[in-house]
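Notes for the one structure printed next.
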Amino acid sequence: MELDLTPQLAKKLYGGDGGAYYAWCPNELPMLREGNIGAGKLALEKNGFALPRYSDSAKVAYVLQGSGVAGIVLPEKEEKVLPIKKGDAIALPFGVVTWWYNKEDTELVILFLGDTSKAHKSGSFTDFFLTGPNGIFTGFSTEFVGRAWDLEESTVKTLVGSQSGNGIVKLDSTFKMPEPKIEHYNGMALNCEEAPLDVDIKNGGKVVVLNTKNLPLVGEVGLGADLVRLDGSAMCSPGFSCDSALQVTYIVRGSGRVQVVGVDGKRVLETRLKAGNLFIVPRFFVVSKIADPEGMDWFSIITTPNPIFTHLAGRTSVWKALSPEVLQAAFNVPVDVEEKFTSKRKAEEIFFPPPN
């Protein structure tokens, strides 16, 4: 059966005055289930508060818009209260409890991409809320909760039954949440828009790679990530992940075109991309993108913490490593054609500026 690789937009699962949570459905994007990948998006309005929860999946969070506060409790550790803003990537290993809060006028939007291989549902995240009508303790009897918390029955009923909001609530503007601490940010997050560039090609594009070197916590998550900013009308070289990893891509800004080629040289995807689209490239399939004139940015996770890519065009491509005789025999072309081929793209890497 052929897999449908068509890029998809997220759909709203729940929300209210404080904001909403959206997710991509594996029924509409089958590669989520096939690749054991989950994808969701949290959007918080001013004073919106995403209630404390833990998930059945390790994730990378990426702030798409706005600024706010993230509360993170690693297993058997103290709470970290982080200031977060657009461009921040945050590694969320198994077992972390998180909450999110927006105190600004601008909507805070956070993307979540992660591994669902150990999740309850392949291709979907399941969150377990600590409070609210669907909170864990609503399922326990008053006796059990009272014994666990060493509280009287009346107090237990007040604690468990007072929060009517489901997942996301809007706090009163006078309510004071914990102030973020910059020292909590270090080691927990990395701003991909401010980090040193791993690739910077004039009129081509820029890349920041998230790996165990600049954010060691991604090693516990088991995922790598990158932010790619492709300049107007530039091309991203055809390439594939040579370590059997899947690449999950979310279009952050702009638009463009994509082609994906799979087994037997068959083009399995040719379509347009726009902001908000999510698509997945299967293992070893080759992908290439061309940005529209306004450029195109995307954030990707790769299902290994230190990904390795092989490119099929440019100075670092595999073609440049092969001997001329092998190229002539493989393409079945004369020397002059092979020489013309190998003489091109000697300076450019990965990104190619638009033709003059």
Side-chain angles (χ1 to χ4, degrees), residues 18-21 38-55 57-115 125 127-131 167-171 173 175-196 208-227 250 252 299 301 305:
Y21 181 78
K41 192 161 58 172
L42 175 67
L44 293 179
E45 303 293 340
K46 185 174 183 179
N47 298 318
F49 175 47
L51 298 174
R53 82 280 309 273
Y54 63 92
S55 176
S57 305
K59 308 173 187 176
V60 172
Y62 182 73
V63 182
L64 297 168
Q65 176 184 300
S67 61
V69 182
I72 300 174
V73 182
L74 294 168
E76 299 181 357
K77 299 286 180 65
E78 294 181 351
E79 180 186 51
K80 303 278 189 180
V81 182
L82 286 62
I84 58 172
K85 65 179 181 179
K86 182 176 179 288
D88 278 340
I90 308 156
L92 302 173
F94 276 114
V96 300
V97 171
T98 63
W99 55 262
W100 311 85
Y101 177 63
N102 180 22
K103 60 180 179 180
E104 306 296 337
D105 291 330
T106 302
E107 188 179 45
L108 174 63
V109 184
I110 305 165
L111 174 72
F112 298 95
L113 301 174
D115 173 17
F125 298 138
D127 287 337
F128 294 82
F129 294 93
L130 301 191
T131 67
I168 300 171
V169 299
K170 187 168 186 175
L171 301 180
S173 59
F175 191 85
K176 298 295 182 183
M177 289 290 283
E179 288 296 323
K181 298 179 180 179
I182 191 64
E183 60 266 27
H184 286 178
Y185 180 92
N186 299 325
M188 295 292 297
L190 178 79
N191 191 280
C192 295
E193 295 186 357
E194 299 174 355
V208 169
V209 178
L210 192 71
N211 54 31
T212 54
K213 292 179 181 178
N214 52 19
L215 190 61
L217 202 55
V218 301
E220 293 187 35
V221 176
L223 302 169
D226 59 19
L227 175 67
Y250 176 87
V252 175
F299 182 80
I301 64 162

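Since the model is a prediction, treat every value here as computed from it, not as a measurement. Counting begins at 1 with the first residue of the sequence. Below, each value reflects all heavy atoms present in this structure, side chains not excepted, and no hydrogens, waters or symmetry copies.
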Worked check of side chain to side chain contact (heavy atoms under 4.5 Å, CB included) between Leu51 and Val169: CA-CA 7 Å; Leu51 298 174; Val169 299; 4.1 Å; yes
State whether the number of non-hydrogen atoms from other residues, nucleotides or ligands found under 6.0 Å of Glu78 atom CD is greater than 12. no
Which heavy atom of Leu92 sits nearest a heavy atom of Ala61, and at what distance? CD1-CB, 4.1 Å
How about Trp99 and Met177: do any of their side-chain heavy atoms sit closer than 4.5 Å? yes
Can you find a pair of side-chain heavy atoms, one from Tyr54 and one from Val96, that are under 4.5 Å apart? no
Rounded at 0.5 Å granularity, tell me how far NZ in Lys59 sits from CZ in Phe94. 10.5 Å
Output side-chain donor-acceptor pairs under 3.5 Å for residues 215-224, partner residues at least two apart or in another chain, one line each.
none

Kindly compute the distance separating CG (Leu108) from NZ (Lys46), expressed to the nearest 0.5 Å. 13.5 Å
Please tell me if the side chains of Pro180 and Leu82 come closer than 4.5 Å, counting only heavy atoms from C-beta onward. no
Do the non-hydrogen side-chain atoms of Val208 and Asp226 ever get within less than 4.5 Å of each other? no
Would you call the rings of Tyr101 and Phe49 parallel, tilted or perpendicular if under 30° counts as parallel and over 60° as perpendicular? perpendicular
Step-by-step side chain to side chain contact (heavy atoms under 4.5 Å, CB included) determination, Ile90 to Val60: CA-CA 6 Å; Ile90 308 156; Val60 172; over 6 Å; no
What pair of heavy atoms forms the shortest contact from Gly18 to Ile168, and how long is it? C-CG2, 3.6 Å
Less than 4.5 Å apart, side chain to side chain, heavy atoms only: is that true for Ile182 and Pro83? yes
For Phe125 and Phe112, work out which heavy atoms get closest and say how close. CE1-O, 3.7 Å
Could you pull out all residues at least two apart from Asp88 that satisfy side-chain contact (heavy atoms from CB on, under 4.5 Å)? Val63, Ile84, Lys85, Tyr185, Asn191
Any idea which heavy atoms bring Pro75 and Gly95 closest together, and the distance? CG-O, 3.8 Å
Is it the case that the side chain of Arg53 and the backbone of Gly167 share a donor-acceptor pair, with hydrogens and angles ignored and the cut-off at 3.5 Å? yes
Counting distance only, does the side-chain N/O of Gln65 pair as donor-acceptor with the main-chain N or O of Glu107 below 3.5 Å? yes
Nearest 0.5 angstrom please: Ile301 CD1 to Leu113 CG, how far? 4.5 Å
Output yes when Glu193 and Lys86 qualify as a salt bridge under the 4.0 Å nitrogen-oxygen rule, no when they do not. yes
Asp127 vs Ser55, test: side chain to side chain contact (heavy atoms under 4.5 Å, CB included). Steps then yes/no. CA-CA 4 Å; Asp127 287 337; Ser55 176; 3.4 Å; yes
May I ask you to decide if the ring planes of Phe299 and Tyr62 are parallel, tilted or perpendicular, using 30° and 60° as cut-offs? parallel
When rounded to the nearest 0.5 angstrom, what is the spacing between CG in Asn102 and NZ in Lys170? 10.0 Å
For a quick test of reading the model, state the closest non-hydrogen atom pair linking Ala50 to Leu42 and the distance between them. CB-CD2, 3.9 Å
Close side-chain approach of Phe175 to Asn47, heavy-atom, < 4.5 Å: no
Assess whether side chain to side chain contact (heavy atoms under 4.5 Å, CB included) is satisfied between Met188 and Ile72, documenting all intermediate values. CA-CA 9 Å; Met188 295 292 297; Ile72 300 174; 3.6 Å; yes
Taking ring-ring contact (aromatic ring centres under 6.0 Å, His included) as the definition, give me every residue that meets it alongside Phe129, ordered by chain and number, with sequence neighbours left out. none
So, the side chain of His184 versus the backbone of Val81: is there a donor-acceptor pair under 3.5 Å, distance only? yes
